[in-house]
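Every chain is numbered from 1, with letters handed out A, B, ... down the list of sequences. What's counted below: heavy atoms across the whole structure, side chains too, no hydrogens, waters or symmetry copies.
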There are 2 protein chains.
Amino acid sequence: MSYKIKSRIWIESENNVLLGEGRVHLLKAIQETGSLSKAAKSLNISYKKAWQLLDSVNKSAKKPVTINNIGGKGGGGAELTDYGKSLVMAFDDINKNCWAFLDQQLEKIKHL
Amino acid sequence: MSYKIKSRIWIESENNVLLGEGRVHLLKAIQETGSLSKAAKSLNISYKKAWQLLDSVNKSAKKPVTINNIGGKGGGGAELTDYGKSLVMAFDDINKNCWAFLDQQLEKIKHL
DNA sequence: TTTCGTTATGTTCTAGCAAATATAGCGAAT
DNA sequence: ATTCGCTATATTTGCTAGAACATAACGAAA
């Protein structure tokens with residue numbers, strides 16, 4: 001059996017984590033469900049944890065990543081801003097490229 | 001202030017971590033000091049933690065990464081095998097390249 | 001003005017991980 | 001055969017991140 005190279009990347013802003021794999025999952029789930037609580041359920045994490053993550057994302061980002069509507073018809077909801085969508089897309093792109101890069105670096109330890 | 005991309009890479013073998021940044025630091029300290037206990041001191045971690053890390057490394061690797069001498073003149077000691085040295089060098093090289101790669105990917109989020 | 005499903009937040013409990021402590025075992029050299 | 005400094009391992013203690021639980025606030029619609 002051969003060795004494997006694994007990696008994790010994340011984007012930071014002023015020493016705070018802005019986006020990592022977990023946060024991106026959450027944002028995508030919000031985009032799909034239209035609400036933070038539904039997104040939390042779909043990811044099998046507590047609402048509180050989801051809220052804390054999202055709060056941290058919005059506080060670290062230069063511009064709002066989601067619009068959160070409180071109260072009103074249906075109780076409210078949350079949705080990604082265009083800025084949020086472009087952040088998610090950029091992260092996915094860079095992450096995918098990183099995998100490909102490391103896959104190519106794997107050659108260097110194949111013989112070990 | 002601009003966003004930054006951070007990363008962490010590691011090498012796995014059969015779903016066990018073989019080498020990460022911490023383990024590489026430990027191996028380098030062993031190389032410099034000639035003993036596991038001195039290496040632990042120099043890294044400010046407990047001997048036990050250092051031993052557990054090293055044990056895990058040697059159990060995950062295909063060939064021994066260190067030779068541990070127990071008892072004898074000076075009480076014993078530990079040193080890297082040639083195989084261990086080449087693993088450390090390969091990791092450092094890949095890690096360095098990964099930084100450079102991500103630095104270049106940074107362009108993609110510069111405008112965000 | 002009551003209902004509803006959400007967002008928003010505080011508080012308590014717990015399990016798992018890290019640190020601290022203790023001790024056994026080893027073998028060359030004197 | 002005793003000393004020495006190291007490797008090897010068990011046990012206990014302490015801490016902290018996360019889970020679980022609880023509840024307040026909100027605003028449109030009926």
- How long is the line joining OH of B:Tyr47 and P of D:dG5, in whole Å? 15 Å
- Using atom CG of A:Asn44 as one end and atom P of D:dA19 as the other, report the distance to the nearest whole Å. 11 Å
- Item | Under 4.0 angstrom between A:Trp51 side-chain N/O and C:dA8 OP1 or OP2 | yes
- Task: Ignoring backbone atoms, establish whether A:Ser37 has a side-chain N or O less than 4.0 Å from OP1 or OP2 of C:dT7.
- Result: yes
Contact list (N/O, under 3.5 angstrom) for nucleotides 16-24 of chain C vs protein:
none

- Query: Near DNA chain D, which residues from residues 23-36 of chain B have a heavy atom under 4.0 Å away?
  - Reply: B:Ser35, B:Leu36
- Message: Regarding B:Thr66 and B:Asn58, do their side chains bring together a donor and an acceptor under 3.5 Å, going by distance alone?
- Response: yes
- Are B:Glu12 and A:Lys6 within salt-bridge range, i.e. N to O under 4.0 Å? yes
- Query: Is the closest basic N to carboxylate O distance between B:Lys4 and B:Asp103 below 4.0 Å?
  - Reply: no
- Message: Between B:Lys48 and B:Asp55, does any side-chain N to carboxylate O distance fall below 4.0 Å?
- Response: no
- Message: Expected output is a numbered-order residue list: members of residues 57-78 of chain A with a heavy atom under 4.0 Å from any atom of DNA chain D. What is it?
- Response: A:Ile70, A:Gly71, A:Gly72, A:Lys73
- Query: Within this structure, what is the CD-to-P distance between A:Glu79 and C:dT6, rounded to whole angstrom?
  - Reply: 15 Å
